[in-house]
Amino acid sequence: MFDRSSSSIKTAFFIRVLPLFFLTSVCFLIALANYELERAKKDHRNDLQKTTHHIAELLREPLWQLSERLYTEILSAALNRSEIVCVRLIQEANVSPPVERGECQNQYHDQESFSTEIYYDLGGKKAFLGSLIIQARVNNGWATIKRQLYILASLSVVLFILLAGATLAAFNSAILPPLRHISASLKQLQDTGQRQPVNWSSPDELGDLIRVYNGALRHQTIIEDKLEAAREEAEQALENLQHAQESLIQAEKMASLGSLVAGVAHEINTPLGNSLTITTTIGSSAERISTKVANQALTRHDLNTFISDISEASAILERNLQNAATLVRSFKQAAVDQTSEKQRNFNLKRLVEDVLYTLQPQIKRTGFTFQVEIDDDLWLTSYPGAIGQIITNCVYNSLRHGFQDRDHGIIRFATIDADTRHVVFTISDDGCGMSPDVLHHAFDPFFTTKFGQGGSGLGLNLVYNLTTTVLGGTVKIWSEENNGVTLSFTFPYTPHAEAKG
């Protein structure tokens, strides 16, 4: 693993560390070379300036004595210095034309001019005699300095190579062997699953690493044995829990249906009782009329009264029987839907109203009301039983939890335009709402705030499962304490066949 040149830790070490060291050395050499060159250049200029002053001192007496031969010889002698290419003497008040010696016509980029003025001392007063200008090459002698810098750079490179070799040797002998042992142990673990401790001992950090690694192997073996045992126990517990959950979900469905049956049965008793009372009254009235007819004591008033009573009783009887028939029809449809898993075409608003009609006995003579705000022409080809079960569970959840200690409230059903393939159906109440912690666990199975008080903790979990599996949609819940609860269901107008699986 570590021998591959493209991915070894040794290669990574040299790629990351040595280039940085090399660049640092190069930058240092460049800075040193620049400093040395600038210093040599400055010293050379100072030397040339001193030479200019020295020649000017030699020219003072010849110029004062007007000895042209002598100052000409001095100017010519100044050219003996190799870097001086031109000497120019300009006398005061144009006593004589400027005197030039050397190549004074052109000045090249490697040449600079140095000048000084010439004075003669007259007992405390200075007489200006002229100016001396020297043109010289300023890079003369740099080649020697450059050669010295090249030698220094070469020695630095040699030192760098020796340091790299020493580092490589130390790396190979002190770091790579224990890493190779760890790599071999890990490869054996990967290939065969066997944990082979590393046989290496050293008092340094790598020795500590190997000791920790060996300890981790032993600890991992112990942990895996415990995890295997725990996994088997968890699988068995999960299987038992799934069976229990299925039983409780079925019980939850049947409990909801049982509540509907009890409520509807109680509600039907009222119109049937009224109808029975009316039929008894009609029978008594008919018996009285029959007796009067037999005794030939029937009067027009008696007949008109009988006809009026019969008409009123017939209307009351028809109204009560119609209410009972409507209640039975709604209950029958809701019961069939909630116990059926068939897909059919239905009107969503009518379905909601049928389910709510069967739930009316639960809130009759209370301050709770239902508000349905659904388009009359909204048709779905879906599973009405699942939607009916969702509505029933949400209503019961609001009545049991959202309106606890309250005798009034509103449960609202509405749809929101989504797109051409999905419908957004919301159920909300203005109850006490949920705390953030309760809201976070709202859809968790067996989670209830009414533990030990008849709550199974499967109401909203069943709502979640029906929405996501049967209807092929999603459900979201929003709530704040004292601000009610809103459940938003998004599901397709026609679920895919596989969504129910």
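Side-chain atoms are counted along with the backbone in the values below, which use heavy atoms only and exclude waters and symmetry mates. Because the structure is a prediction, the values reported are computed rather than measured.
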Heavy-atom pair of closest approach, residues [X] and [Y]:
X	Y	result
R344	P384	NE-CG, 3.4 Å
Y493	W379	CD2-O, 3.7 Å
Q371	I410	CD-CG2, 3.6 Å
H408	F403	O-CD2, 3.9 Å
A386	L471	CB-CD2, 4.1 Å
T381	Q343	O-NE2, 3.3 Å

### Message
Heavy-atom count check: over 12 atoms from other residues, nucleotides or ligands less than 6.0 Å from E480 CD?
### Response
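It does not: E480 CD has 12 such atoms or fewer within range.
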
Measuring from atom [atom1] of [X] to atom [atom2] of [Y], what distance do you get when rounded to the nearest 0.5 angstrom?
X	Y	atom1	atom2	result
R412	S398	CZ	OG	13.5 Å
E228	I223	CD	CD1	13.5 Å
K292	E287	NZ	CD	12.5 Å
I391	E353	CD1	CD	10.5 Å
T468	Y464	OG1	OH	5.0 Å
F413	S428	CZ	OG	8.5 Å

### Task
Could you tell me how the ring of F425 sits relative to the ring of F491: parallel (under 30°), tilted (30 to 60°) or perpendicular (over 60°)?
perpendicular

### Side chains of T426 and I416 in contact at under 4.5 Å (non-hydrogen atoms)
yes

#### Entry: Between N397 and N393: side-chain donor-acceptor atoms closer than 3.5 Å
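Distance-only check fails for N397 and N393.
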
### Task
Show your reasoning for whether side-chain contact (heavy atoms from CB on, under 4.5 Å) applies to I477 and T486.
CA-CA 6 Å; I477 185 170; T486 298; over 6 Å; no

### Task
Output, in order, the C-alpha distance, side-chain angles, deciding distance and verdict of side-chain contact (heavy atoms from CB on, under 4.5 Å) for I387 and L348.
CA-CA 9 Å; I387 298 177; L348 180 60; 4.3 Å; yes

### Message
Against K349, only a single residue in D375, I374, T415 fulfils side-chain contact (heavy atoms from CB on, under 4.5 Å); can you say which?
### Response
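Exactly one option meets the side-chain contact (heavy atoms from CB on, under 4.5 Å) with K349, and it is I374.
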
### Task
Please name all residues satisfying side-chain contact (heavy atoms from CB on, under 4.5 Å) with C394, sequence neighbours left out, ordered by chain then number.
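Residues passing side-chain contact (heavy atoms from CB on, under 4.5 Å) with C394: I390, I427, V463, L487, F489.
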
